[in-house]
Amino acid sequence: CVCVCVLFSFNDRCLLFDSLLFSLCRRSTNKSTPIVNMAARPQNQGPLEPSCSPRAAPGSVKKSSKCVDCCERDGAIFCHLCKNEYCLECDAAIHIRSRKDHPRVPVDQRPAYCAIHDEEAKAFCSQHERLICVSCTSPLCAGECASHTDKVKSLAEGATLLQSRLTTLEKDIESEESEVNKELAVLKELRTTFDARIAGLELSAANAVSARAGLTAAHTQSPAHLFQGIQAVSDAASATRDELKAICKEQPRIITAAVDKLQALIATARKQEPPPRPRPAVPGRPASAPLAGVALRNAVEIRGSRDGQSIVVADWDMSKAAQQIWLDGSRDPVTLSDATICATCVVPVDDDLLIVAAGNITNRVQRVGRVSWKRTDLQWTWAAVVLGNTALVTEHNAGQVSRLDMLTGKTIDRLGQATLQRPRGIGVSPTGDIYVADMRTKLVHVFSQQGGPQVRTLGEGLFKSPMGLFVDGRGRVYVTDTEANVVVVLDGHSGALLGRIAVEKSPQGVYATREGDIIVSWWNGKYADDNRAGLMRVSL
């Protein structure tokens, strides 16, 4: 038996073992016709799951998302056997060449699956509010829905029930908003009363000053005038003291009511995505300006030099290397060593470079220069940051952050194994806290520099697909959202939203200068476009 195996290009998955295993399984089961019945799907015929995203769980009805193979382009084809979405390029590389018998449909025709069994959903259970299949209502099934078939509705009826609930929730939200507006009006009235009392206190203080002047004059005249001055000062002081007691007595109640209403407003606002904040114009320069003279093909992470005068932009492309760019334009961009080919993050370390590269072939972490070492055993490394004598590297496929010794490259410990799923960007605050952006949890996870479990999370409900991350000297956290085309700015301590900067193209990496400018790398995802990537300067 002669097997001919084809090794595809860098951006396609290597199908050597996948195709060989699939052909052997087909011969062993002696199946020659396409299998379209998902309920009777053999376990040994499923393809190897892509490392970008696991197979969709039963009962899930996903919206159109990224291709699970390349994690960059939008999904266009849905495979019934793989139960995943692929872009047109990856579908041609995987299915048309080696899995021709997999039934596939466009993503807008993908079916919904049962929440219990690995079967296509046929009905809706109104008691549990979930999709179910025919087996769920069978007496032979151990599912809970078999005991209340009167609650089983058709898919159309289920959609009607859910729409009714959505309408009710929207009315409740409008009612809550009306109540909040009424309470805000009450707070404004209390604020007016408070200002009036402050004005009264100022008047009392003025009377006290006047009485003191009278006391000084009476001191030179007679004891009677002296007694009158002392009495006037005492009366003014008593009035001021009474006013202060009244304000201090009511102040806790006013503050508590205001805090409760503000927390309710925050909870309501987080249920809806806030609109992108418009970019204000900066005198002498537009709010969004591209950096001229920079030629990039797949710009990703950005790291700054120690003096803050230049930045290093990694170029995730086989034919390009990382570039060092001076922010003031005093020097032309410099192309760094060829060792940075396919790099996703390049960190300047004194006179050396810490290089992180991702890919099936080029995956590695290495230090080049006076100190040299190389690691290729980590799982799809993406970004890195230096903390003291260690390097913190995100592993996208392993769902963790590895801490490496900068002198030897050996692993010291790992962070986020219990909470991270698909980490990408990473940054360190001036106090040593570690911030990690996760594409799957759609959160920013915060760890202490000593390690251990995560301390807190930031940005709940603010992201669609967080990618790059940077923390400036004031503790502000900048996160790029490649799907929403925005840069989100958060307070690193409280997690409060400081701003959302809309950008024209899909942002990747981000860096904030000491002057307050924000440098964003972007990539439009079009491989055939010569101007498919670059840098832009924006302002908050």
Side-chain angles (χ1 to χ4, degrees), residues 291 293-294 296 299-315 321-340 343-357 365-375 381-394 401-409 412 425-437 447 449 468-480 489 492 508-521 535-538 540:
L291 269 67
V294 180
L296 299 167
V300 280
E301 294 289 338
I302 307 174
R303 292 294 182 265
S305 60
R306 178 175 296 182
D307 58 6
Q309 301 298 320
S310 63
I311 57 175
V312 175
V313 184
D315 200 333
Q323 295 193 38
Q324 185 174 8
I325 301 166
W326 276 261
L327 297 175
D328 58 359
S330 59
R331 298 175 58 182
D332 293 333
V334 175
T335 300
L336 301 180
S337 168
D338 290 340
T340 61
T344 55
C345 182
V346 178
V347 184
V349 183
D350 298 328
D351 296 331
D352 297 355
L353 294 177
L354 178 65
I355 302 168
V356 180
V365 179
Q366 68 178 120
R367 180 176 179 177
V368 296
R370 295 178 301 176
V371 179
S372 298
W373 49 263
K374 183 176 181 180
R375 292 284 299 274
T381 53
W382 185 262
V385 67
V386 175
L387 178 59
N389 294 325
T390 63
L392 300 168
V393 183
T394 58
V401 175
S402 292
R403 192 197 305 263
L404 308 181
D405 187 282
M406 283 296 293
L407 296 178
T408 62
I412 300 174
I426 186 171
V428 176
S429 70
T431 59
D433 290 339
I434 303 168
Y435 295 78
V436 182
F447 304 87
Q449 61 179 334
L469 185 145
F470 180 78
V471 185
D472 65 9
R474 295 177 291 179
R476 292 185 174 183
V477 181
Y478 304 80
V479 184
T480 60
V489 185
Q508 302 291 317
V510 62
Y511 176 81
T513 65
R514 298 173 181 175
E515 292 76 17
D517 291 338
I518 304 172
I519 309 299
V520 180
S521 62
L535 297 176
M536 65 176 60
R537 190 195 307 263
V538 298
L540 179 63

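Nothing here was measured: the structure is a model prediction, and the numbers come from that model.
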Item checked: Any donor-acceptor N/O pair, Tyr435 side chain to Gly492 backbone, under 3.5 Å -> yes
Checklist line | Thr344 side, atom OG1; Ile355 side, atom CD1 - distance, nearest 0.5 Å | finding: 10.5 Å
Next item on the list: Would you indicate whether Asp328, at its atom CG, is surrounded by more than 12 heavy atoms from other residues, nucleotides or ligands within a distance under 6.0 Å?
Entry: yes
Item checked: Main-chain N/O of Gly468 paired with Thr480 side-chain donor or acceptor, under 3.5 Å -> yes
Next item on the list: List the steps and the verdict of side-chain contact (heavy atoms from CB on, under 4.5 Å) for Val313 and Leu535.
Entry: CA-CA 9 Å; Val313 184; Leu535 297 176; 3.7 Å; yes
Next item on the list: Would you check if Met406 and Leu354 make a side-chain contact, meaning some heavy-atom pair closer than 4.5 Å?
Entry: yes
Item checked: Contact summary for Val393 and Ala384, nearest pair of heavy atoms -> CG2-CB, 4.0 Å
Check: Could you give the distance from CZ (Phe470) to CZ (Arg303), rounded to the nearest 0.5 Å?
Finding: 8.0 Å
Checklist line | Over 12 non-hydrogen atoms of neighbours within 6.0 angstrom of CG in Asp307 | finding: yes
Check: Between Gly432 and Leu387, what is the shortest heavy-atom contact and its length?
Finding: O-CD2, 4.3 Å
Next item on the list: Hey, could you give me the CD/OG distance between Gln323 and Ser310, rounded to the nearest 0.5 Å?
Entry: 12.5 Å
Note to self: Can you tell me how far apart CD (Gln309) and CZ (Arg514) are? Round to the nearest 0.5 Å.
What the structure shows: 7.0 Å
Check: So, Thr390 side chain and Arg403 main chain: donor-acceptor pair closer than 3.5 Å or not?
Finding: no
Checklist line | Worked check of side-chain contact (heavy atoms from CB on, under 4.5 Å) between Arg370 and Asp350 | finding: CA-CA 10 Å; Arg370 295 178 301 176; Asp350 298 328; 3.7 Å; yes
Next item on the list: With sequence neighbours left out, write down each residue that passes ring pair (Phe, Tyr, Trp, His ring centres under 6.0 Å) with Phe447, or none if nothing qualifies.
Entry: none
Check: Does the side chain of Val385 reach to within under 4.5 Å of the side chain of Val471, using non-hydrogen atoms?
Finding: no
Notebook entry, point to check: Can you name the nearest heavy-atom pair linking Ala322 to Ala314, along with the distance?
Noted result: CB-CA, 4.1 Å
Check: Can you check whether Val356's main-chain N or O pairs, donor with acceptor, with Thr381's side chain at less than 3.5 Å?
Finding: no
Notebook entry, point to check: Which value, rounded to the nearest 0.5 Å, describes the distance between Trp382 atom CH2 and Ile426 atom CD1?
Noted result: 14.5 Å
Margin query: Nearest 0.5 Å, please: how far is CE in Met536 from CD1 in Ile518?
Written below: 12.0 Å
Margin query: Test of understanding: with salt bridge (charged side-chain N to carboxylate O under 4.0 Å, His left out), list the residues that count as partners of Arg476, not counting sequence neighbours.
Written below: none
Check: Does any N or O in the side chain of Thr394 come within less than 3.5 Å of the main-chain N or O of Ala383, such that one atom is a donor and the other an acceptor?
Finding: yes
Item checked: Heavy-atom side-chain contact between Leu407 and Trp373 under 4.5 Å -> no
Next item on the list: Locate the shortest heavy-atom distance separating Ser521 from Gly509; write the atom from each residue and the value.
Entry: OG-N, 2.7 Å
Note to self: Name the residue from Ile325, Ile302, Val510 that meets the side chain to side chain contact (heavy atoms under 4.5 Å, CB included) definition with Ile519.
What the structure shows: Ile302
Checklist line | Candidates Asp351, Asp405, Asp352 - the one meeting salt bridge (charged side-chain N to carboxylate O under 4.0 Å, His left out) with Arg367 | finding: Asp352
